[in-house]
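Reading through the structure tokens given below for one structure.
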Amino acid sequence: MTLPTLSLSDDQAAAYDAITGVLQQVGINLSDDMLTPPQSDTSQVLAVVGKAGSGKTLLLAELYKALEAAGLKIISGDFEGRRKKDARTLSILAPTNKAASVLRNRGVPATTIHRILYTPMYDPDYERIAEWLMGQGDRPEVEGVTDAALDRAMAFYQTNASIPGALASAGLRGSDFITGWKRREDPLDIGFIDESSMLDEKQFQDLKEIFPTLVLFGDPAQLAPVNQSGGMVFDTLPEGRRLVLNRVHRQTQDNPILDLAHALADPQLQFHDFENMVRDKAHQDDRVVMAQRVEADLMARSPVLVWRNATRVRLIQAFRSAFDAPEEELLEGEPLICDGIELPAKHRKRRLDLEARGLIKGAQVIYLGPGKRPGFSRLHVMGAAEPQFGAASIVKIEKPDEEDPFIPFAARMGATFLHGSAVTIHKAQGSQWDTVQVFAPDIYVAAKMNRTEAGTALWKRLAYVAITRAENRLMWVVRNRLAKPSGPLRVDDLRTAPAELKLEIQSDED
């Protein structure tokens with residue numbers, strides 16, 4: 001059996017062999033790139049589990065490359081076009097858009113589970129453009145789309161292989177070419193699910209209905225879904241179907257953040273012992289900082305991670321106070337988290353426009369100032385291809401000891417936002433930031449409560465998830481203090497020239 005050219009550790013190679021062996025049973029032979037139609041509809045589920053740094057993402061990426069090279073069609077939530085009968089397909093999914101974006105940043109075409117469960121319906125004219133871009137039809141003539149626009153679309157597609165992106169480059173919005181959504185009726189083929197520790201049982205069952213062959217990639221040390229009683233969907237798989245990666249991959253062995261994460265597996269480790277380890281690492285390596293206070297400057301782009309919701313609200317208020325933010329309005333540069341879109345069914349096209357621009361639940365957004373109309377905001381969606389636009393907004397700012405949030409301004413309906421300078425560790429799962437501040441007093445409270453989850457002390461799971469959100473630098477904040485900002489909030493480092501997205505409420509006949 002052919003292994004990828006990249007050197008794998010023994011347990012990674014064993015997992016690679018086990019997965020390719022199962023794929024061979026269903027007609028995908030990676031040793032000679034031979035593909036045959038699936039022989040049965042029998043469901044097969046495997047799981048690759050391991051802690052941070054064990055190489056799960058590396059293994060997923062290598063399997064993706066091998067399967068694509070063997071001729072599998074990648075179904076990524078983009079326009080699918082016509083599929084040949086018995087064509088073999090691969091989808092790479094994550095529970096949230098934030099988790100999917102981590103994979104996309106590493107060259108893996110991942111999308112969300114929801115985006116595969118529900119497929120778009122295209123306007124017939126624009127479907128012809130999509131098929132032409134994919135090499136499945138002749139160059140179309142579509143009213144309102146010039147030859148120059150088609151050329152731009154083709155140039156974009158040849159570089160990025162994204163149909164929505166190509167159509168956007170031709171001047172078309174999502175609601176121009178997508179007319180609606182429907183539950184997927186036809187099954188797919190092979191599904192890779194990253195961050196599968198976040199799956200609940202219903203999502204798992206939905207995926208098994210669509211994918212005859214599923215491979216789950218997950219971290220057993222993370223926090224389980226709230227409604228799962230501490231368990232994860234891969235916990236119940238039989239022996240031989242759970243492939244465990246124990247060894248830390250060599251590229252991560254000099255990472256002090258992962259050293260701390262793996263130290264939490266010691267059942268004898270107490271909270272104060274762990275803090276002493278953090279202190280020692282901070283003396284040895286500047287990638288770990290024993291911080292005496294929260295840095296307000298960092299909160300504008302990387303939220304403080306906390307356990308308790310009350311702590312989150314207090315830190316948000318402290319952040320706004322530190323920057324002298326007036327109660328009745330937002331300052332340019334304040335961070336927001338999208339909490340959903342409140343639009344009635346008749347404004348479906350406007351919802352599609354927002355979602356196509358990356359404004360979905362959980363999206364991290366920077367406020368750029370008021371829009372041209374009352375209730376509108378100019379926004380920068382972090383990580384989006386075209387990040388800046390204006391949209392009708394409902395901003396909610398929570399206050400300590402008050403049940404109802406304060407709303408400094410709001411449109412009648414539109415995208416809703418919470419403040420994004422602090423977020424709970426549960427909500428942070430699947431996301432990563434260059435520098436992460438972990439509010440240790442909250443972790444200490446969890447330790448004093450002696451709560452456990454799936455046989456592990458809750459404080460250890462919280463600490464593990466929180467510190468592994470840091471890509472390069474961890475700040476372990478030990479005191480309930482906030483450092484004064486070094487200057488005002490800034491937006492000059494963000495791209496400019498936003499376009500106003502028309503979300504005005506129109507008549508029923510519109």
Side-chain angles (χ1 to χ4, degrees), residues 49 51-52 94-102 112-114 193-204 217-235 257 261 264 271 294 299 302-316 335-340 360-365 396 398 405 416-433 436-471 474-477:
V49 299
K51 294 185 179 179
T96 68
N97 191 65
K98 292 185 290 184
S101 68
V102 172
T112 62
I113 293 170
H114 184 274
I193 315 300
D194 197 29
E195 296 286 354
S196 61
S197 59
M198 299 171 66
L199 289 180
D200 60 32
E201 190 61 37
K202 184 181 184 307
Q203 289 174 314
F204 186 39
F217 295 80
D219 187 337
Q222 293 215 36
L223 294 160
V226 176
N227 58 351
Q228 290 288 108
S229 301
M232 299 176 185
V233 295
F234 47 69
D235 290 338
I257 299 171
L264 290 162
F271 179 83
V294 175
M299 294 170 71
S302 176
V304 181
L305 304 187
V306 304
W307 174 43
R308 296 176 295 178
N309 198 52
T311 305
R312 179 183 67 88
V313 174
R314 286 198 298 271
L315 280 169
I316 289 170
L336 303 172
I337 299 290
C338 182
D339 196 41
I360 62 175
K361 189 166 185 176
Q364 187 179 3
V365 177
K396 304 175 183 179
E398 297 148 295
T416 63
F417 297 94
L418 300 175
H419 207 276
S421 56
V423 69
T424 62
I425 295 169
H426 274 89
K427 292 283 188 183
Q429 287 197 127
S431 297
Q432 285 190 310
W433 294 271
V436 164
Q437 299 184 90
V438 179
F439 194 69
D442 256 21
I443 311 293
Y444 178 57
V445 170
K448 288 198 301 181
M449 294 176 68
N450 291 320
R451 288 176 55 179
T452 61
E453 184 180 283
T456 301
L458 176 61
W459 78 264
K460 292 183 179 180
R461 287 187 177 270
L462 291 167
Y464 178 89
V465 172
I467 66 180
T468 54
R469 299 311 92 202
E471 291 181 325
L474 167 67
M475 298 183 66
W476 185 261
V477 181

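Atoms considered below: every heavy atom in the structure, side chains included; atoms not considered: hydrogens, waters and symmetry mates.
Residues Phe439 and Ile425 form no side-chain contact, since every pair of their non-hydrogen atoms from C-beta on lies 4.5 Å or further apart. Residues Leu458 and Met449 are not in side-chain contact: their nearest non-hydrogen atoms beyond the backbone lie 4.5 Å or more apart. Counting heavy atoms from C-beta outward, Gln203 and Met198 have side chains that stay 4.5 Å or more apart. Looking only at side-chain heavy atoms (C-beta outward), Ile193 and Phe234 stay at 4.5 Å or farther from each other. Here the side chains of Tyr464 and Asp219 are in contact, with some heavy-atom distance below 4.5 Å. Side chains of Gln364 and Pro303 form a contact here, defined as non-hydrogen atoms less than 4.5 Å apart. Inter-residue side-chain proximity for Leu418 and Leu336 is flagged as unmet; no heavy-atom pair is nearer than 4.5 Å. When side chains are defined from C-beta on, Arg314 counts as touching Arg308, because their heavy atoms get closer than 4.5 Å.
When all heavy atoms of Ser196 and Val233 are compared, the closest pair comes out as O-CG2, 4.0 Å. The heavy-atom pair separating Pro95 from Leu199 by the smallest distance is CG-CD2, 4.3 Å. The shortest non-hydrogen separation linking Ala428 to Leu305 is CB-CD2, 3.8 Å. Among all heavy-atom pairs drawn from Leu462 and Ala446, the shortest one is CD1-CB, 3.7 Å. Annotation for Gln222 and Glu453: closest pair O-OE2, 4.2 Å, computed over non-hydrogen atoms. The two residues Thr468 and Ala261 have their closest heavy-atom pair at CG2-CB, 3.7 Å.
The backbone N or O of Leu223 lies less than 3.5 Å from a partner atom in the side chain of Gln429, making a donor-acceptor pair. Listed for the Ser302 side chain is no donor-acceptor partner under 3.5 Å among the backbone atoms of Met299. Side-chain atoms of Arg469 come within 3.5 Å of backbone N or O of Ser431 as a donor-acceptor pair. Of the possible donor and acceptor atoms, one in the side chain of Thr416 sits under 3.5 Å from a partner among the backbone N and O of Gly340.
Under the ring-ring contact (aromatic ring centres under 6.0 Å, His included) criterion, Trp307 pairs with no residue at all, not counting sequence neighbours. Residues forming a ring-ring contact (aromatic ring centres under 6.0 Å, His included) with Phe204 (at least two apart in sequence, or on another chain): none. The ring-ring contact (aromatic ring centres under 6.0 Å, His included) search around Phe417 returns none, not counting sequence neighbours.
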Using the side-chain contact (heavy atoms from CB on, under 4.5 Å) rule, take Val304 and Val477 through it: C-alpha gap first, then chi angles, then the decisive distance, then the call.
CA-CA 9 Å; Val304 181; Val477 181; 5.8 Å; no
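To the nearest 0.5 Å, atom NZ of residue Lys427 and atom CD1 of residue Ile337 are 10.0 Å apart. For the atom pair OG1 of Thr311 and CG of Asp442, the computed distance is 3.5 Å after rounding to the nearest 0.5 Å. Summarising the geometry, atom OG1 belonging to Thr456 is positioned 4.5 Å from atom CZ belonging to Arg461; distances are rounded to the nearest 0.5 Å.
Thr424 and His426 share no side-chain donor-acceptor pair at under 3.5 Å.
The aromatic rings of Trp459 and Phe271 lie perpendicular to each other, with more than 60° between the two planes, well past the 30° mark.
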